[in-house]
Amino acid sequence: MADGIALRARLRPYAVVLASRARSQTSYRANFALDLVSSLLSGLVELAEVWVLFHAVTRLGGLDFGQILLVFGMADLAFSLANMLFGHCDRLPTYLRAGTLDIFYLRPQPLLLQLVTSDISLRRLSRAAVGLVALVAGLAAGDITWNVGTVALLVISLVSGIATFAAMFVWAGGLQFFLVEGEEMTNAFVYGGRYAATQPASVWSRPLKVVFGYFFPMAFTGFLPAVVLLDLPAPAWLPAWLGWCGPLAALWAWAMALLCWRWGVRHYRGGGG
Amino acid sequence: MRTTVRVYWRLLRAGFQRQSAYRLAALGGLVANTTFGLLKVAVLFATVRAAGGSLAGYDVGRMGTYVWISQAMLGSVNLHGRTDIAERIKDGRVAVDFLRPLDVQAAEITTEVGRSLFALIPRGLPMIAIGAVVGMAAPESAAAYPLGVLSVLLGIVISSATAYLVGVAGFWLVETRGLQVCYMVVSGFLAGLFVPIQLFPRWLLLVAHASPFPSMMMYPIEILSGRVGLAGALALLGAQLAWLAGVGGLGQALTRAGRRHLEVQGG
């Protein structure tokens, strides 16, 4: 009981900051509406990029459009939610250049936790809606035998997908302490990872399977669970049973992320001044 | 006349040199462009093969040219809509620009083009080198090269001139971020950044052609990949000149109207 109250008291500052960020975003109604629309538009265009390919050919990498919708839906929904909660880790180079990161050091809270809870991008909810609709459409179109196993797989994969993408943002953040202006280098794998995750991994070359199948476990966020759910033939180097290993992939991604974060923070010598 | 040319030449060089200061950024861009390029190769080659080896005039070789030239141009063509002029309008520094004996629009675009031209060296040339190794088709006629290079340059200028329009909308909107994000989302798609626009369904292809975006990236690629012949190349160059005149003229008109409308906040 006393522990519960103590925990609540410790979490309260984070909740207050997040609530204030949410309020500040929604208080300018017109601006927030425009943000929602542009975020929706970016989700729709990303879906359109996939749709256009499947309009030109009916099957790609052994999948038809209904099946890729499931891959896209799972991966994109997970990415959008992770982006909403962790996306502002991208702004670390700006904080580093301006020296405003040092403010975080003045507070008796862990640095990473402060950075993550310093903002929440509500506008990305509309993007997540695109992923959700694609996911539902993909589930409806697919020939899925529903039982406890498939529901569990879907939930496990979504949760670990969100965790995996969140880890990517933290991983990139940790490396910004070294890169600062070279942020595009990590973008290649964070946003390139999103792009890869919404593709049929069966078309990848072997090096791509190593990079986006295993090292950055992007195939685990959409493609591999979809292979199990839809009972598709698994491509070489990515066996079907991996579809159940989303949580392991998320653990691996977080281990890498926290290592890079720790490494980055140790390297940091303050903004001067 | 000669002094005017000299001033703009200096602006172009200043932009070029300014960009050359960011070495690590250039390396980062190189890594990003290569990674995305390899992903595009995987999915687009699979698409061409699934279509039986040829799709809308693209075989695997031409698709390779499409991928690597689009990646090479990515650092130089403004498909994000961010401009310096937008910042300067927002904080009022543009008032000083208007005091200079230079055309605000021409000076801004010249500086941007200078930066873009530099970006072709660290970001563009390595992509072409990778493409040459991974495999890309060459055009049939040697004349396609000078025409293609001219088309690349026109594409860069058109993109700067179009992004400038987003910036000067700030004379009326003050905050142009929403417009800039819309530009970013739409421009890449319609310029053919992830999928060549010829793969689009007909109605979407018409929408793309009704916008200046394909002339920034898709037209130069069509010329350099040999998907269009010489006559087609000349027609595309004509279309680019028309778009440049259109967006350039609109930018000039908006700059003049904005100057009359300008209220610098604060004293």
Side-chain angles (χ1 to χ4, degrees), chain A residues 28 30-46 48-62 93 123 175 178-193 195-205 207-209 211-212 216 218, chain B residues 21-52 55-56 58 74-75 123 134 173 175-190 192-202 204-205 208:
Chain A
Y28 293 96
N31 195 47
F32 185 61
L34 192 64
D35 275 349
L36 280 177
V37 170
S38 57
S39 176
L40 179 74
L41 200 61
S42 76
L44 285 177
V45 163
E46 268 151 16
E49 279 160 10
V50 176
W51 168 71
V52 163
L53 287 180
F54 280 83
H55 180 267
V57 294
T58 45
R59 290 185 86 82
L60 189 52
R123 65 172 189 276
L175 292 188
F178 302 94
L179 296 170
V180 190
E181 50 169 272
E183 54 199 302
E184 263 190 271
M185 207 172 312
T186 51
N187 284 353
F189 302 103
V190 178
Y191 297 95
Y195 177 56
T198 55
Q199 285 182 357
S202 40
V203 304
W204 292 348
S205 58
L208 283 178
K209 280 181 185 159
V211 175
F212 289 114
F216 300 110
M218 293 294 111
Chain B
Y22 299 102
R23 301 254 162 85
L24 199 58
L27 182 66
L30 188 60
V31 173
N33 288 4
T34 313
T35 313
F36 272 99
L38 291 172
L39 284 167
K40 275 161 79 174
V41 162
V43 73
L44 290 173
F45 280 20
T47 310
V48 170
R49 292 201 181 102
L55 183 60
Y58 284 94
L74 188 50
R123 299 191 183 197
V134 180
L173 300 176
E175 178 58 270
T176 53
R177 206 193 64 148
L179 201 58
Q180 177 252 318
V181 173
C182 287
Y183 176 96
M184 179 162 72
V185 171
V186 173
S187 67
F189 184 55
L190 294 183
L193 178 57
F194 285 98
V195 181
I197 61 168
Q198 289 79 24
L199 267 57
F200 286 4
R202 205 178 144 65
L204 199 54
L205 185 63

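Just so we're clear, the structure is a prediction, and the values are computed from it rather than from any experiment. Chain identifiers are assigned alphabetically (A, B, ...) following the order of the sequence lines, protein sequences preceding nucleic acid strands; residue numbering begins at 1 within each chain.
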Under 4.5 Å from a heavy atom of chain B, the part of Leu41(A) involved: both
Closest-packed option against chain B by number of heavy-atom pairs under 4.5 Å, given Tyr195(A), Trp204(A), Phe189(A): Tyr195(A)
Interface moiety of Phe54(A) toward chain B, non-hydrogen atoms closer than 4.5 Å: neither
For chain A, the option from Gly52(B), Ala46(B), Ala56(B), Ala26(B) that forms the most heavy-atom pairs under 4.5 Å: Ala46(B)
Side chain / backbone / both / neither for Val57(A) at chain B, heavy atoms under 4.5 Å: side chain
Best-contacting candidate, Val195(B), Leu55(B), Val186(B), Thr47(B), against chain A by heavy atom pairs under 4.5 angstrom: Thr47(B)
Sequence neighbours excluded, every pair satisfying salt bridge (charged side-chain N to carboxylate O under 4.0 Å, His left out) that has a member inside residues 37-46 of chain A: Glu46(A)-Arg127(A), Glu46(A)-Arg194(A)
Heavy-atom pairs under 4.5 Å with chain A, option from Val181(B), Leu39(B), Val185(B) with the top count: Leu39(B)
Per-residue contact mode, Gln199(A) against chain B (heavy atom under 4.5 angstrom): side chain
Closest heavy-atom pair and its distance - Ala32(B), Ala188(A): CA-CB, 3.3 Å
Contact summary for Leu38(B) and Leu208(A), nearest pair of heavy atoms: O-CD1, 3.5 Å
Side chain / backbone / both / neither for Leu30(B) at chain A, heavy atoms under 4.5 Å: neither
Leu193(B), part contacting chain A, at a heavy-atom distance under 4.5 Å: neither
Contact check, side chains of Asp35(A) and Arg177(B), non-hydrogen atoms, under 4.5 Å: yes
Among Thr35(B), Asn33(B), Val43(B), residue most engaged with chain A (heavy-atom pairs, under 4.5 Å): Val43(B)
Considering all heavy atoms, the nearest Phe189(B)-Ala48(A) contact: CZ-CB, 3.7 Å
Ala50(B) versus Arg59(A), closest heavy-atom pair with distance: CB-O, 3.5 Å
Residue part contacting chain A, namely of Val41(B), when any heavy atom lies under 4.5 Å: neither
Least distance between heavy atoms, Phe200(B) atom then Val52(A) atom: CD1-CG1, 3.5 Å
4.5 Å side-chain heavy-atom contact, Leu34(A) and Leu179(B): no
Contacting moiety of Leu199(B), where chain A heavy atoms sit under 4.5 Å: both
Set of residues satisfying ring-ring contact (aromatic ring centres under 6.0 Å, His included) with respect to Phe32(A), sequence neighbours excluded: none
From CA spacing to verdict: side chain to side chain contact (heavy atoms under 4.5 Å, CB included), Val31(B), Glu184(A): CA-CA 8 Å; Val31(B) 173; Glu184(A) 263 190 271; over 6 Å; no
